[in-house]
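The next block holds one structure in the form of structure tokens; read it before the comments.
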Amino acid sequence: MIRVDAVIIGGSFSGAAAALYLARARRTVIVFDEGQPRNRFSSEGHGFLGMDGLAPADIQARAQGDLEKYSHIEVRRQRALHVSGQFGDFRIVSEDGGVTSAARVILAHGMIDRVPEIPGLSECWGKTALPCPYCHGYEVADLPTGVIVTHAGSVHQARLLGDWTDDLSIILHGTAIAPEDRSDLERRKARIVDDTVVSVEHEDGAISSVTLRKGGIWPVSIVYVVAQASFATAFPTDLGCETEVGPFGPIVKVDAQCQTTVRGVFAAGDITRPVFGATWAAADGMSAGVACHQSLVLEP
């Protein structure tokens with residue numbers, strides 16, 4: 001059995017940042033990363049200082065490359081299957097059958113987006129079916145754009161999109177919206193479509209239109225969809241971490257130092273935030289790494 005100071009589950013922005021700060025404190029760390037980050041469907045990432053426009057996979061590769069010069073850290077390209085234990089002695093079973101003992105655990109495994117089950121939509125996810133105008137809107141500005149209303153947050157999102165396009169359709173998709181919301185969207189020059197999307201028409205992920213149940217073909221090049229999300233692993237529940245109900249899915253409850261309600265277990269990134277992004281994830285990872293190190297020093 002290998003014994004380390006900390007195991008980090010997930011090696012994308014938050015996990016790599018946590019690992020970097022622990023490594024710089026000369027603590028032994030193993031990062032388990034199966035290579036399935038939430039943003040893998042996007043060809044470009046935006047808003048991350050110094051790396052705007054790079055593919056998320058390239059940003060992650062650079063981040064993990066930064067870790068290679070630190071002898072105290074090992075990145076394992078495999079899935080952690082099970083996590084158990086308690087403060088000072090957590091056990092992590094990996095897919096190769098190995099068992100690692102760690103004094104602390106940092107959960108940074110992120111979320112899985114659950115897009116609505118509309119034929120064609122998942123094939124376009126991250127390409128022309130988008131979750132966030134701040135992440136993608138600049139590159140697709142001024143194109144015919146639709147919002148498929150699946151969530152209360154869809155109306156909030158629709159209100160913002162006027163800064164990215166003047167050609168905006170709000171497709172209610174069987175969802176009722178308040179009269180005041182309808183009036184507000186119409187005031188913003190959005191078209192309200194009282195119909196349901198039955199399929200998304202595309203070629204290799206490039207949307208040309210959506211097919212409506214009553215209204216035939218509706219031409220759009222971009223659609224925004226608010227997806228529900230779930231934890232990428234069951235580890236928060238397995239370890240007994242308290243969770244909260246967020247607007248888009250569950251959230252692991254953490255304090256200002258990114259420690260969960262379970263002593264010795266820290267969490268960082270999308271699993272701890274109702275809203276999310278690469279910069280927040282990296283900042284959370286730094287906070288978790290620093291707090292984890294201080295816990296190792298002050299609570300041996």
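Heavy-atom basis, side chains included; hydrogens, waters and symmetry copies ignored.
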Fill in: Residue of the set R79, Q78, R76, H82 for which side chain to side chain donor-acceptor pair (under 3.5 Å) holds with S94
Q78

Item to complete: Check whether any side-chain heavy atom of V254 sits under 4.5 Å from a side-chain heavy atom of Q259, and report yes or no.
Response: no

Item to complete: Begin with the C-alpha distance, continue with both residues' side-chain angles, and end with the deciding distance and a verdict on side chain to side chain contact (heavy atoms under 4.5 Å, CB included) for I192 and L185.
Response: CA-CA 8 Å; I192 309 297; L185 291 170; 3.8 Å; yes

Discussion item. Measuring only between side-chain heavy atoms, which start at C-beta, is V140 closer than 4.5 Å to T128?
Written reply: no

Discussion item. In the structure I gave you, are the side-chain heavy atoms of L54 and F48 within less than 4.5 Å of one another anywhere?
Written reply: no

Item to complete: Could you tell me the separation between the CG atom of L107 and the CG atom of L239, rounded to the nearest 0.5 Å?
Response: 6.0 Å

Worksheet entry | side chain to side chain contact (heavy atoms under 4.5 Å, CB included) evaluation trace for R91 with D89 | CA-CA 7 Å; R91 302 295 173 93; D89 186 22; 2.9 Å; yes

Worksheet item: Would a hydrophobic clustering, with Ile, Leu, Val, Met, Phe, Trp and Tyr connected at side-chain separations under 4.5 Å, put V226 with V223?
Response: no

Worksheet entry | Distance-only polar pair, side chains of H72 and T28, donor-acceptor under 3.5 Å | no

Worksheet item: Minimum heavy-atom separation for S14 to A268, with atom names?
Response: OG-O, 3.6 Å

Fill in: D194 bridged to R182 by N-O distance under 4.0 Å
yes

Practice prompt. Determine, step by step, whether I271 and M111 satisfy the side chain to side chain contact (heavy atoms under 4.5 Å, CB included) criterion, reporting the C-alpha distance in whole Å, the side-chain angles of both residues, the deciding distance to 0.1 Å, and the verdict.
Written response: CA-CA 6 Å; I271 63 173; M111 307 287 283; 3.7 Å; yes

Worksheet entry | Intermediate values then yes/no, side-chain hydrogen bond (donor to acceptor under 3.5 Å, both in side chains), Q228 and D113 | CA-CA 6 Å; Q228 291 293 299; D113 289 310; over 6 Å; no

Worksheet item: Is any side-chain heavy atom of S287 less than 4.5 Å from a side-chain heavy atom of Q257?
Response: no

Worksheet entry | Enclosure of D238 CG (heavy-atom neighbours >12, cutoff 6.0 Å) | yes

Practice prompt. Flag yes if V147 and V210 sit in one hydrophobic cluster, no otherwise; membership is Ile, Leu, Val, Met, Phe, Trp, Tyr, and two members link when side-chain heavy atoms are under 4.5 Å apart.
Written response: no

Item to complete: Considering non-hydrogen atoms only, spot the tightest contact between F231 and I112 and give its length.
Response: O-CD1, 4.5 Å

Worksheet item: Do D58 and R62 meet the salt-bridge criterion of a basic N to acidic O distance under 4.0 Å?
Response: no

Worksheet item: Say you draw a straight line from CD1 of I177 to OG of S183; how long is it, rounded to the nearest 0.5 Å?
Response: 9.0 Å

Fill in: Within 6.0 angstrom of E180 CD, more than 12 heavy atoms from elsewhere
yes

Fill in: Cationic N near anionic O, under 4.0 Å, D270 to R38
yes

Worksheet item: So, D5 and R104, do they make that salt bridge, N to O below 4.0 Å?
Response: no

Fill in: Shortest non-hydrogen separation from R191 to S169 and the atoms involved
NH2-OG, 3.2 Å

Fill in: Min side-chain heavy-atom separation T165-L143 under 4.5 Å
no

Practice prompt. Establish whether F90 and I9 are linked, either directly or via other cluster members, by ILVMFWY side-chain heavy-atom contacts under 4.5 Å.
Written response: yes

Worksheet item: So does D204 have more than 12 non-hydrogen atoms from other groups sitting under 6.0 Å from CG?
Response: no

Worksheet item: G215 and D195: which non-hydrogen atoms are nearest, and at how many Å?
Response: N-OD2, 2.7 Å

Discussion item. Treating T175 as the side-chain partner and V149 as the backbone partner, does any N or O pair qualify as donor plus acceptor under 3.5 Å?
Written reply: yes

Discussion item. Quick one: does any side-chain atom of S154 pair with a main-chain N or O of T150 as donor and acceptor, under 3.5 Å?
Written reply: yes

Fill in: Audit row: R263, E299, salt bridge (charged side-chain N to carboxylate O under 4.0 Å, His left out) steps and yes/no
CA-CA 10 Å; R263 189 181 179 208; E299 303 176 86; 3.2 Å; yes

Fill in: Candidate pair C292 and F266, rule side chain to side chain contact (heavy atoms under 4.5 Å, CB included), full reasoning
CA-CA 7 Å; C292 180; F266 299 82; 4.0 Å; yes

Practice prompt. State, yes or no, whether a side-chain contact exists between V193 and I170 at a heavy-atom distance under 4.5 Å.
Written response: no

Discussion item. Working to the nearest 0.5 angstrom, can you tell me the gap between K127 NZ and H202 NE2?
Written reply: 8.5 Å

Discussion item. Could you check whether atom CD of E139 has more than 12 heavy atoms from other residues, nucleotides or ligands sitting under 6.0 Å from it?
Written reply: yes

Discussion item. Whether D184 and R159 form a salt bridge (side-chain N of Lys/Arg under 4.0 Å from carboxylate O of Asp/Glu) is what I want to check.
Written reply: yes

Discussion item. Please report the interatomic distance CZ(R77) to CD(E95), rounded to the nearest 0.5 Å.
Written reply: 13.0 Å

Worksheet entry | Straight-line distance of T260 OG1 to D255 CG, nearest 0.5 Å | 8.5 Å

Item to complete: Report yes or no: do Q60 and N39 form a side-chain donor-acceptor pair below 3.5 Å?
Response: no

Fill in: Heavy-atom neighbours of R26 CZ exceed 12 at 6.0 Å
no

Worksheet entry | Donor on one side chain, acceptor on other, E44 and S42, under 3.5 Å | no

Worksheet entry | No-hydrogen, no-angle side-chain donor-acceptor test under 3.5 Å, E201 and T211 | yes

Item to complete: Quick one: closest heavy-atom pair of A103 and L296, and the distance?
Response: CB-CD2, 3.8 Å

Item to complete: With the side chain counted from C-beta on, respond yes when D167 and P144 share a heavy-atom pair under 4.5 Å apart, and no when they do not.
Response: yes

Worksheet entry | Ring-ring centroid check Y224 W164, cutoff 6.0 Å | no

Worksheet entry | Over all atoms of both residues, closest heavy-atom pair of T261 and E242 | OG1-N, 2.8 Å

Fill in: V4 side chain reached by V29 side chain, heavy atoms, under 4.5 Å
no

Worksheet item: Are I92 and V265 connected, step by step, through hydrophobic side chains (Ile, Leu, Val, Met, Phe, Trp, Tyr) whose heavy atoms are closer than 4.5 Å?
Response: yes

Worksheet item: With no hydrogens and no angle check, is any side-chain donor or acceptor of H173 less than 3.5 Å from a backbone partner on T196?
Response: no

Discussion item. If you count heavy atoms of other groups shown closer than 6.0 angstrom to OH of Y138, is the number above 12?
Written reply: no

Worksheet item: Under 30°, 30 to 60°, or over 60°: which ring-plane class applies to F276 and F248, parallel, tilted or perpendicular?
Response: perpendicular

Worksheet item: So, Q157 side chain and P131 main chain: donor-acceptor pair closer than 3.5 Å or not?
Response: yes

Item to complete: Mind checking the CG-OG1 spacing from L168 to T145? Nearest 0.5 Å is all I need.
Response: 6.5 Å

Practice prompt. Would you kindly confirm whether W125 and V220 end up in one hydrophobic cluster when ILVMFWY residues are joined by side chain heavy atoms under 4.5 Å apart?
Written response: yes

